[in-house]
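Written out below as structure tokens is the structure these notes cover.
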Amino acid sequence: MGSFACPRSPAKHPGGQGCRSPGALSDLAFGVGFLGVFFAPWQTELVGEGQPEALHSVVLMLPVLLLLLLLFFFFLACPGSSAAGLGITARTLSPCYSADLRPASERLVSAVGCTVLLTIPPLKASKVVFWEYKTGPREGVIVNYAFDRPANTSRPYENRTRFNETDFSLQIVLQRGDDRLYRFRSDSEATDWFQLRVVEPLSEPEIVGNSSVKAGGNTKLVCNVLEGKADLYWWKKNGELLLGSDHIQFVDNTTLCIVKASMNDSGYYACVVRNEVSQNETSFLLHVQNAANVVLPVILVCVIVGSLAGVFVWCRRRDRPCRNGCR
């Protein structure tokens with residue numbers, strides 16, 4: 001199956017002319033070109049001396065006009081060619097994350113798990129039709145339908161496609177491997193290849209880092225996405241967009257670094273991720289402790305522990321045991 005969707009054997013169309021192959025077209029073009037080169041030296045003899053230059057030019061252009069005429073008849077005689085102008089229209093059916101639900105031609109971006117509807121313009125009557133896919137050099141059939149028997153769906157697409165036998169439209173519930181080219185073909189016509197890009201929606205990201213940091217210290221928060229591939233990352237603090245500076249630094253936008261943290265850096269930090277079909281975010285509470293607030297509790301703990309140890313030793317050294325508590 002090349003770019004020209006011509007059957008291998010000549011197929012008669014209503015005009016009765018056989019469908020020529022691309023090789024036949026190249027042979028015709030070569031023959032006309034050779035005719036033009038051979039014909040050019042004889043134009044003076046054919047036109048005659050002293051004739052206007054315009055007449056010489058017309059005679060010289062005759063082979064080119066003949067070639068154009070042959071090209072016209074070739075495409076007219078080959079309605080199965082993808083150059084016939086037939087195109088697929090596709091759209092994602094609701095609901096589907098944040099994917100664009102508007103119809104598209106030539107290319108559509110949709111999401112894993114969503115349903116895509118592929119439709120075609122009205123075609124001439126045909127005995128058998130096909131929906132086909134293409135991945136690199138490999139081509140395959142999704143569904144084929146003949147009017148005298150039920151539609152036959154290939155195994156990879158079973159239980160997730162719906163073929164309409166009236167208008168030949170096709171619905172597909174998308175999986176990861178469906179990122180490929182698609183087209184519709186009958187025994188006399190074929191559409192152009194349609195590109196379908198399938199993107200995996202993003203899971204809720206997670207932020208990894210220390211929730212508490214001493215004032216004057218450095219800290220970093222790392223944003224990870226477990227499912228899907230994010231195209232964009234950005235950070236917010238208390239709902240406001242964070243911008244980079246000497247104090248706030250970003251590493252590949254996935255990591256937020258705070259240099260010499262201060263009390264003002266305490267708050268809720270949010271990581272926002274986005275790709276072509278989805279957007280998600282999560283938040284993280286960071287608390288920056290004052291140095292004085294860290295030392296004072298340590299001193300109090302030491303005092304309490306020391307006092308209890310002193311009371312215990314004093315009770316042990318008394319002649320009688322301290323039964324009812326030490327006063």
Side-chain angles (χ1 to χ4, degrees), residues 1 82 86-120 130-143 153-164 168-185 191-208 221-236 241-242 250-256 269-284:
M1 301 177 190
S82 60
L86 298 175
I88 295 174
T89 301
R91 65 186 180 94
T92 303
L93 303 182
S94 179
C96 180
Y97 305 95
S98 57
D100 192 347
L101 303 181
R102 294 175 297 180
S105 58
E106 297 184 359
R107 183 178 187 271
L108 178 71
V109 178
S110 192
V112 172
C114 294
T115 301
V116 165
L117 174 64
L118 305 176
T119 59
I120 60 170
F130 304 86
W131 276 101
E132 301 172 325
Y133 67 86
K134 181 178 181 181
T135 305
R138 184 169 62 91
E139 298 182 13
V141 175
I142 301 173
V143 60
T153 304
S154 62
R155 186 177 298 275
Y157 289 90
E158 287 181 350
N159 303 321
R160 62 186 187 95
T161 59
R162 180 182 297 175
F163 175 72
N164 189 315
F168 303 145
S169 63
L170 181 68
Q171 291 185 26
I172 306 176
V173 180
L174 298 177
Q175 297 179 355
R176 289 184 179 89
D178 292 334
D179 193 318
R180 51 184 49 162
L181 300 174
Y182 295 84
R183 79 170 177 182
F184 177 88
R185 181 174 64 86
T191 66
D192 298 325
W193 288 103
F194 182 92
Q195 182 181 8
L196 179 60
R197 174 164 165 73
V198 181
V199 180
E200 185 175 4
L202 299 172
S203 62
E204 181 178 326
E206 63 174 11
I207 298 177
V208 179
L221 305 178
V222 181
C223 182
N224 295 322
V225 179
L226 301 181
E227 295 181 6
K229 181 180 179 181
D231 299 324
L232 295 174
Y233 290 80
W234 67 91
W235 292 83
K236 297 187 294 185
L241 180 65
L242 270 179
F250 301 103
V251 180
D252 297 330
N253 289 330
T254 61
T255 302
L256 168 65
Y269 289 80
C271 172
V272 187
V273 293
R274 184 178 183 180
N275 64 12
E276 293 177 282
V277 298
S278 63
Q279 178 174 315
N280 221 329
E281 68 178 88
T282 191
S283 60
F284 183 91

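Just so we're clear, the structure is a prediction, and the values are computed from it rather than from any experiment.
- Here the CD1-CZ distance, from I120 to F194, works out to 13.5 Å after rounding to the nearest 0.5 Å.
- Between F250 and Y233 there is no side-chain heavy-atom pair separated by less than 4.5 Å.
- Taking the ring pair (Phe, Tyr, Trp, His ring centres under 6.0 Å) definition, one finds that Y182 meets it with nothing, sequence neighbours left out.
- With a 4.5 Å cut-off on side-chain heavy atoms, I172 and L174 count as touching.
- Expressed to the nearest 0.5 Å, how far CD of Q171 lies from CZ of R160 amounts to 13.0 Å.
- In plain terms, the two heavy atoms of E132 and W193 that are nearest each other are O-CZ3, 4.0 Å.
- Atoms CD1 and CG, from I142 and L170 in turn, are 6.0 Å apart once rounded to the nearest 0.5 Å.
- W131 contributes a side-chain N or O that, together with a main-chain N or O of F168, makes up a donor-acceptor pair within less than 3.5 Å.
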>> Please evaluate residues E200 and R176 with respect to the criterion side chain to side chain contact (heavy atoms under 4.5 Å, CB included), reporting the C-alpha separation (whole Å), side-chain torsions for both, the decisive distance (0.1 Å), and the verdict.
In response: CA-CA 7 Å; E200 185 175 4; R176 289 184 179 89; 2.8 Å; yes

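- Distance check: L221 CG to T254 OG1 gives 11.5 Å after rounding to the nearest 0.5 Å.
- Residues D231 and E276 come closest through the heavy atom pair OD2-N, 3.7 Å.
- Of all non-hydrogen atoms in V225 and P205, the two that sit nearest each other are CG2-CB, 4.2 Å.
- The structure places CZ of F163 at 15.0 Å from OH of Y157, a figure rounded to the nearest 0.5 Å.
- Closest approach of Y269 to L256, counting heavy atoms only: CD2-CD2, 3.6 Å.
- Residues C96 and T115 fail the side-chain proximity criterion, which asks for heavy atoms closer than 4.5 Å.
- Looking at residues two or more places apart in sequence or on another chain, you find a side-chain contact (heavy atoms from CB on, under 4.5 Å) between S169 and L117, T119, N164, D167.
- In this structure, T191 contributes its side chain and F184 its backbone to a donor-acceptor pair below 3.5 Å.
- Summarising the geometry of C223 relative to V273, their closest heavy-atom pair is SG-CG1, 4.2 Å, with the distance given to 0.1 Å.
- The backbone N or O of L232 sits nowhere less than 3.5 Å from a side-chain atom of R274 that would complete a donor-acceptor pair.
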> Could you go step by step and tell me if Y97 and Q279 meet the side chain to side chain contact (heavy atoms under 4.5 Å, CB included) rule?
Replying inline: CA-CA 9 Å; Y97 305 95; Q279 178 174 315; over 6 Å; no

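- At distances below 3.5 Å, at least one donor-acceptor pair connects side-chain atoms of S154 with backbone N or O atoms of V141.
- Here the closest heavy-atom approach between residue D179 and residue V198 is recorded as OD2-N, 3.2 Å.
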>> Please evaluate residues V116 and D178 with respect to the criterion side chain to side chain contact (heavy atoms under 4.5 Å, CB included), reporting the C-alpha separation (whole Å), side-chain torsions for both, the decisive distance (0.1 Å), and the verdict.
In response: CA-CA 11 Å; V116 165; D178 292 334; over 6 Å; no

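- With S278 contributing its side chain and L202 its backbone, the two residues share a donor-acceptor pair below 3.5 Å.
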Could you go through residues 102-114 and list every donor-acceptor pair under 3.5 Å that involves a side-chain atom there, pairing it with any protein atom two or more places apart or in another chain?
unit_1: R102; atom_1: NE; unit_2: D100; atom_2: OD1; d: 3.1
unit_1: R102; atom_1: NE; unit_2: D100; atom_2: OD2; d: 3.1
unit_1: R102; atom_1: NH2; unit_2: D100; atom_2: OD2; d: 2.8
unit_1: S110; atom_1: OG; unit_2: T92; atom_2: OG1; d: 3.0

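- Counting heavy atoms of neighbouring residues, nucleotides and ligands inside a 6.0 Å radius, atom CZ of R197 exceeds 12 of them.
- Within the model, atoms OG1 of T135 and CG of L181 stand 7.5 Å from one another, a figure rounded to the nearest 0.5 Å.
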